[in-house]
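Fair warning: this is a prediction, and the values are worked out from it, not measured in the lab. When a ligand or atom number is given, it counts from 1 through the structure's own listing order.
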Amino acid sequence: MNINGTPWRTIGLEAGGRSVWVIDQTLLPHRFETRSLSSVEDAAAAISTMVVRGAPLIGVTGAYGLMLALQVDPADGALAAAFEQLNATRPTAVNLRWALERVRERVTPLPEAERAAAARQEAGAIAAEDVAMCEAIGEHGLRLFQQLAAARPAERQGEPLNVLTHCNAGWLATVDWGTALAPIYKAHRAGLAIHVWVDETRPRNQGASLTAYELGKEGVPHTVIVDNAGGHLMQHGLVDAVIVGTDRTTRRGDVCNKIGTYLKALAAHDNGVPFYVALPASTIDWMIDDGVAEIPIEARSELEVTHIQGLAVQPGEAGQGAALTSVQLTPAGSAGFNPAFDVTPARLVTALITERGVAAASEAGLRGLYADR
Ligand code: MRU
């Protein structure tokens with residue numbers, strides 16, 4: 001997708017494949033900088049500190065991390081250690097384990113001398129497939145949005161379709177296009193009038209900093225709201241649909257996504273607002289049913305709750321040259337607790353939008369699209 005008219009992706013090879021560049025998402029929206037990852041340690045640190053984040057991008061970064069490890073030492077022991085190191089960085093998004101397993105399966109039968117090149121090829125294939133899957137999600141979601149817009153009463157025809165999203169499930173969370181934002185970009189490019197309510201998404205503010213940034217760069221009309229505003233907007237008919245991504249989807253259609261997603265689903269259910277979840281197949285964990293009981297929820301540092309990062313400017317002041325800074329919100333000594341994800345049960349999900357089409361959030365729905373899995 002575009003930044004100031006230039007097409008970008010979130011990750012790529014550099015130095016003839018000896019290192020990997022990524023966009024440093026901890027600096028957005030205030031500074032745009034790329035960063036080089038030259039070792040498995042760099043890749044693991046980039047994932048755990050959220051230089052890169054978003055389930056699909058975490059998976060691709062993990063795959064390239066294994067490549068970086070194998071370039072140094074292609075032996076079985078080093079492969080196993082790098083796999084464990086990367087897999088431990090973020091426990092909730094299943095794409096990471098999926099991508100690491102895919103690279104490991106590809107390289108394990110090969111002679112050591114061929115492993116790094118094969119890992120590079122497999123990581124590249126995972127990245128390319130992610131782009132294709134996200135674009136296909138966009139096409140299926142676009143049709144759904146067109147139907148929603150057409151079904152509105154005559155007096156609302158021509159008004160923008162108001163879509164609410166939580167966290168960042170745009171191109172910055174994937175390699176390109178995004179999951180939940182792909183249908184929004186497709187709709188905008190197709191000329192469908194659309195406006196996005198962007199949940200700020202405390203504590204890391206992926207909505208306020210990343211979703212707002214990328215929508216702005218693509219020229220999509222949007223408004224940032226505090227996380228608690230969504231229910232109120234729905235009660236007043238200001239939301240036509242909610243669309244979010246997911247970090248892990250169980251085979252019966254329970255959806256684990258950024259903390260606060262569940263509350264949006266409850267509010268949507270109570271107000272008859274459709275609640276869609278967009279996902280590539282790499283996010284489905286076919287091994288589990290019950291998301292609440294079985295998905296490990298990452299607990300991150302309490303400092304993300306007690307402190308907040310931003311640009312050191314007063315409202316109305318220009319941000320030019322201002323420093324990125326962290327401020328404390330809570331009284332010294334107050335404890336913070338920071339579960340990073342929650343699970344929305346399938347019963348609250350109107351439909352799943354995948355690269356293969358739209359399905360009911362149920363085992364039968366998913367099996368209908370993925371009989372081969
Ligand atoms: O903690 P993050 O920023 O990695 O969480 C990201 C999300 O929850 C996204 O909504 C998710 O990965 C699904 S779509 C790419």
Nitrogen or oxygen of A55 less than 3.5 angstrom from that of ligand 1: yes
Protein heavy-atom partner closest to atom 7 (C) of ligand 1 - residue, atom, separation in Å: D247 OD1, 3.3 Å
Where ligand 1 meets P56 - atom numbers and elements under 4.0 angstrom, heavy-atom basis: 15 (C)
Atom indices of ligand 1 within 4.0 angstrom of F341 heavy atoms, with elements: 1 (O), 5 (O), 8 (O)
Contact (N/O only, under 3.5 Å) between I58 and ligand 1: no
Shortest non-hydrogen contact between P203 and I259, atoms and distance: CD-CG2, 4.4 Å
Atom indices of ligand 1 within 4.0 angstrom of G245 heavy atoms, with elements: 13 (C), 14 (S)
W98 CH2 to W286 CH2 distance, which is reported to the nearest 0.5 Å: 13.5 Å
Under 3.5 Å side-chain donor-acceptor pair for E214 and N168: yes
Min heavy-atom dist E298 to ligand 1 below 4.0 Å: no
Residue-ligand contact A93/ligand 1, heavy atom below 4.0 Å: no
M50: numbered ligand 1 atoms lying under 4.0 Å from its heavy atoms: 1 (O), 3 (O)
Heavy atom of N168, distance to ligand 1 below 4.0 Å: yes
From CA spacing to verdict: side chain to side chain contact (heavy atoms under 4.5 Å, CB included), E84, L100: CA-CA 9 Å; E84 289 312 323; L100 293 173; over 6 Å; no
Distance-only N or O hit between ligand 1 and H166, under 3.5 Å: no
Q206-ligand 1 polar pair, N/O distance under 3.5 Å: yes
Polar contact flag for K258 and ligand 1 (N/O pairs, less than 3.5 Å): yes
contact_flag R204 ligand 1 heavy-atom lt 4.0 Å: no
T246 neighbourhood, listing ligand 1 atoms whose heavy-atom distance to it stays under 4.0 Å: 13 (C), 14 (S)
Whether H195 and W197 hold their rings parallel, tilted or perpendicular, with breakpoints at 30° and 60°: perpendicular
Distance-only donor-acceptor check, side chains Q25 and R53, under 3.5 Å: yes
Polar side chain donor-acceptor pair, T6 to N4, under 3.5 angstrom: no
Shortest protein heavy-atom distance from atom 10 (O) of ligand 1, along with the residue and atom involved: N257 OD1, 2.8 Å
Atom indices of ligand 1 within 4.0 angstrom of C167 heavy atoms, with elements: 5 (O), 6 (C), 7 (C), 8 (O), 10 (O)
Stepwise side chain to side chain donor-acceptor pair (under 3.5 Å) check, S36 with E14: CA-CA 8 Å; S36 288; E14 59 180 14; 2.5 Å; yes
R156, CZ: over 12 other non-hydrogen atoms inside 6.0 angstrom: yes
R251 side chain to I284 backbone, donor-acceptor under 3.5 Å: no
Proximal atoms of ligand 1 relative to A173 (non-hydrogen, under 4.0 Å): 15 (C)
Atom 14 (S) of ligand 1 [closest protein heavy-atom partner, distance rounded to 0.1 Å]: T179 OG1, 3.1 Å
Polar proximity ligand 1 side, T174 side, N/O cut 3.5 Å exclusive: no
Derivation of the side chain to side chain contact (heavy atoms under 4.5 Å, CB included) call for V358 and R143: CA-CA 10 Å; V358 178; R143 282 192 281 281; over 6 Å; no
Shortest heavy-atom approach to atom 2 (P) of ligand 1 - which of R90, Q25, R300: R90
Polar contact flag, side-chain donor to acceptor under 3.5 angstrom, N257-T246: no
Parallel, tilted or perpendicular, as decided by the 30° and 60° cut-offs, for the rings of W21 and W8: perpendicular
Heavy-atom donor-acceptor pair, D285 side chain to M287 backbone, under 3.5 Å: yes
Ligand 1 contacted by A340 (non-hydrogen, < 4.0 Å): no
Contact partition for L57 relative to ligand 1, non-hydrogen atoms under 4.0 Å: neither
